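Inspection log for the structure reproduced underneath, given as structure tokens.
Predicted model only: the values in this text are computed from it and were never measured.
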Amino acid sequence: LNKRKINMIDAAAVGRYMSDLSYKTTENLELANTLSRLSDDLETFGTTVFAKRWNEFTGIEQKIIIQCKKAMENGKQV
């Protein structure tokens, strides 16, 4: 994932992971809401003309997505 574009298959998987993580994030509601919003964007990433594109995510959003992708790949359970 690094700084390059995320592909649609990765995006959907990371989106589901982030959605699950958002439900388990109970102490930081702002983070839970951010994870939920980003997961929605990722689950439709690249599937329609109007879907959000990688360069439309802010730098902070990209960092959150990358961290979640790394955690998912390392097998961290949510």
Side-chain angles (χ1 to χ4, degrees):
L1 214 173
N2 299 338
K3 294 283 182 182
R4 66 185 188 278
K5 293 181 181 178
I6 185 172
N7 69 47
M8 289 179 2
I9 295 169
D10 285 345
V14 175
R16 288 188 296 275
Y17 179 85
M18 291 173 71
S19 179
D20 291 344
L21 189 58
S22 73
Y23 287 113
K24 299 193 181 210
T25 303
T26 56
E27 294 182 20
N28 185 336
L29 296 180
E30 183 179 351
L31 176 60
N33 288 334
T34 298
L35 291 170
S36 179
R37 180 180 48 77
L38 291 174
S39 73
D40 288 344
D41 289 338
L42 288 173
E43 289 176 13
T44 60
F45 185 82
T47 58
T48 69
V49 175
F50 301 107
K52 199 165 192 174
R53 297 193 178 7
W54 182 247
N55 62 346
E56 294 174 326
F57 289 101
T58 68
I60 291 171
E61 291 171 338
Q62 289 179 2
K63 287 178 183 178
I64 292 169
I65 294 166
I66 290 167
Q67 286 180 339
C68 288
K69 183 175 188 292
K70 286 179 183 176
M72 182 186 77
E73 290 174 340
N74 291 330
K76 291 189 178 178
Q77 298 296 317
V78 290

| query | Backbone N or O of N33 within a donor-acceptor pair of the S36 side chain at under 3.5 Å? | reply |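 No, the answer is negative, given that no donor and acceptor are paired below the 3.5 Å cut-off.
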
| message | Test your reading of the model: is there a side-chain donor-acceptor pair from S19 to the backbone of R16, 3.5 Å cut-off? | response | no

| request: Dump the intermediate steps for side chain to side chain contact (heavy atoms under 4.5 Å, CB included) on W54 and I65, then the final yes or no. | output: CA-CA 10 Å; W54 182 247; I65 294 166; 4.0 Å; yes

| query | So how far is it from K52 NZ to R37 CZ, rounded to the nearest 0.5 Å? | reply |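 The CZ atom of R37 is 5.5 Å from NZ of K52, to the nearest 0.5 Å.
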
| field | Interatomic spacing from NZ in K70 to CD in Q67 - rounded to 0.5 Å | value |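 Separation between the atoms: 7.5 Å.
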
Quick one: closest heavy-atom pair of [X] and [Y], and the distance?
X   : Y   : result
Y17 : C68 : CE2-O, 3.6 Å
E43 : A12 : CG-O, 4.3 Å
D10 : K69 : OD2-CE, 3.4 Å

Tell me, please, which residues at least two apart from [X] pass side chain to side chain contact (heavy atoms under 4.5 Å, CB included).
X   : result
E27 : none
T58 : I60, E61
T25 : L21, N28, L31, A32, L35

| Does CD belonging to E56 count more than 12 external heavy atoms closer than 6.0 Å? | yes

| request: Could you go through the side chain to side chain contact (heavy atoms under 4.5 Å, CB included) check for F57 and I64 one step at a time? | output: CA-CA 10 Å; F57 289 101; I64 292 169; over 6 Å; no

